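As the structure lists them, so they are numbered: ligands from 1, and atoms in each ligand from 1. All of these numbers come straight from a predicted model, not from anything done at the bench.
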Amino acid sequence: MGVYVMPILRNSLVILITTLALAGTYSVSAENATSSRSPHALEQMVRQDCGSCHGLTFKGGLGSPLLPESLAAYSVEDLTTIILDGLPGTAMPPWRAIVTPDEATWMARYLKTGEPE
Ligand code: HEC
């Protein structure tokens with residue numbers, strides 16, 4: 001009996017583990033590649049997720065102010081990089097796994113202008 005059960009069990013485990021690994025890979029790459037949030041969703045995200053640290057009106061909290069005048073020294077490219085990679089060694093987290101580069105650029109423009117394009 002055991003002679004017949006063990007290979008089946010082993011195969012099932014291999015299939016299970018492969019499925020889990022593929023599912024994990026798929027969801028991560030799907031998030032990176034295909035996420036396309038609407039401007040409204042992105043605006044909500046900036047206000048809520050970024051606002052939780054930077055202040056709901058971006059005047060600063062745990063994080064520094066994110067008002068257009070506070071960010072004048074940064075280009076849209078600089079801000080996009082900060083959003084994607086965070087600021088290592090600080091509480092500013094990287095968002096690369098959550099937003100696409102295009103979405104980060106949208107957020108950077110949004111912050112620079114204080115309103116959606
Ligand atoms: C967990 C808290 C936290 C969250 C969430 C967060 N930040 Fe930050 N962020 C910080 C902190 C703290 C700093 C200041 C780091 C330092 O220089 O000491 C910072 C710095 C920044 C800076 C640089 C500002 C400057 O004047 O140098 C930008 C731009 C920025 N964050 C944008 C964002 C955006 C956009 C989001 C949302 C996608 C976000 N942050 C979410 C904590 C956070």
Side-chain angles (χ1 to χ4, degrees):
M1 221 13 201
V3 174
Y4 293 104
V5 169
M6 281 310 285
I8 290 167
L9 188 63
R10 232 179 255 135
N11 281 343
S12 313
L13 270 178
V14 168
I15 290 167
L16 178 68
I17 289 166
T18 310
T19 308
L20 286 176
L22 285 176
T25 312
Y26 176 74
S27 65
V28 167
S29 58
E31 239 175 5
N32 282 341
T34 64
S35 154
S36 57
R37 296 174 173 92
S38 68
H40 177 72
L42 283 174
E43 185 180 0
Q44 291 295 104
M45 196 175 163
V46 175
R47 298 229 155 251
Q48 285 162 21
D49 294 343
C50 313
S52 66
C53 281
H54 289 276
L56 291 176
T57 52
F58 300 143
K59 288 184 182 146
L62 167 66
S64 30
L66 293 182
L67 296 169
E69 54 267 34
S70 331
L71 300 176
Y74 292 109
S75 66
V76 168
E77 289 72 30
D78 294 336
L79 293 176
T80 302
T81 303
I82 292 175
I83 294 168
L84 289 174
D85 296 333
L87 291 168
T90 78
M92 173 61 190
W95 294 82
R96 194 178 284 283
I98 299 160
V99 300
T100 65
D102 282 350
E103 289 170 342
T105 300
W106 188 96
M107 288 176 167
R109 287 212 186 94
Y110 177 82
L111 292 173
K112 286 284 280 182
T113 57
E115 58 183 74
E117 5 181 71

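- Counting only heavy atoms of the protein, atom 28 (C) of ligand 1 lies nearest to L66 CD2, 3.6 Å.
- Atom CD1 in I98 sits 11.0 Å away from atom CD in E103 (nearest 0.5 Å).
- Between the OG1 atom of T80 and the CE atom of M107 there is a distance of 10.5 Å, given to the nearest 0.5 Å.
- Checking H54 against atom 8 (Fe) of ligand 1, an N/O/S atom falls under the 2.8 Å cut-off.
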Practice item. Give the C-alpha distance, both sets of side-chain angles, the deciding distance and a yes or no for side-chain contact (heavy atoms from CB on, under 4.5 Å) between R47 and L56. Key: CA-CA 6 Å; R47 298 229 155 251; L56 291 176; over 6 Å; no
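- Proximity of V46 to ligand 1 is not established, as no heavy-atom distance is less than 4.0 Å.
- Residues V99 and R37 form a side-chain contact, since some pair of their non-hydrogen atoms from C-beta on lies under 4.5 Å apart.
- Interatomic distance, L42 CG to H40 NE2, rounded to the nearest 0.5 Å: 10.5 Å.
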Practice item. Run the numbers on T105 and T100 for side-chain contact (heavy atoms from CB on, under 4.5 Å), then give the verdict. Key: CA-CA 9 Å; T105 300; T100 65; over 6 Å; no
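- In terms of protein heavy atoms, atom 23 (C) of ligand 1 is closest to L87 CD1, 3.9 Å.
- Heavy-atom contacts of I83 reach the following atoms of ligand 1: 35 (C) (cutoff under 4.0 Å).
- Between the side chain of H54 and the main chain of S64, a donor-acceptor pair closer than 3.5 Å is present.
- Atom 8 (Fe) of ligand 1 lies under 2.8 Å from an N, O or S atom belonging to M92.
- Judged purely by distance below 3.5 Å, without hydrogens or angles, the side chains of T81 and D78 never pair a donor atom with an acceptor atom.
- Considering only heavy atoms from C-beta on, Y74 comes within 4.5 Å of I82 through its side chain.
- With hydrogens left out, the protein atom closest to atom 5 (C) of ligand 1 is D49 O, 3.3 Å, a heavy atom.
- The closest heavy-atom contact to atom 11 (C) of ligand 1, among the options G63, G86, G51, comes from G63.
- Those atoms of ligand 1 with a heavy atom of S64 less than 4.0 angstrom away are 14 (C), 20 (C), 24 (C), 25 (C), 26 (O).
- Here the heavy atom of the protein found nearest to atom 38 (C) of ligand 1 is C50 SG, 2.6 Å.
- For atom 29 (C) of ligand 1, the closest heavy atom belonging to the protein is L79 CD2, 3.5 Å.
- Taking atom 41 (C) of ligand 1 as the reference point, the nearest protein heavy-atom neighbour is W95 CZ2, 3.5 Å.
- At least one heavy atom of L111 sits under 4.0 Å from some atom of ligand 1.
- Looking at P93 against ligand 1, only its side chain comes within 4.0 Å, counting heavy atoms.
- Looking from atom 25 (C) of ligand 1 to the surrounding protein, the closest heavy atom is Y74 OH, 3.4 Å.
- Atom OG of S38 and atom CD of E43 lie 9.5 Å apart (nearest 0.5 Å).
- The shortest contact between atom 16 (C) of ligand 1 and any protein heavy atom is with T90 CG2, 3.7 Å.
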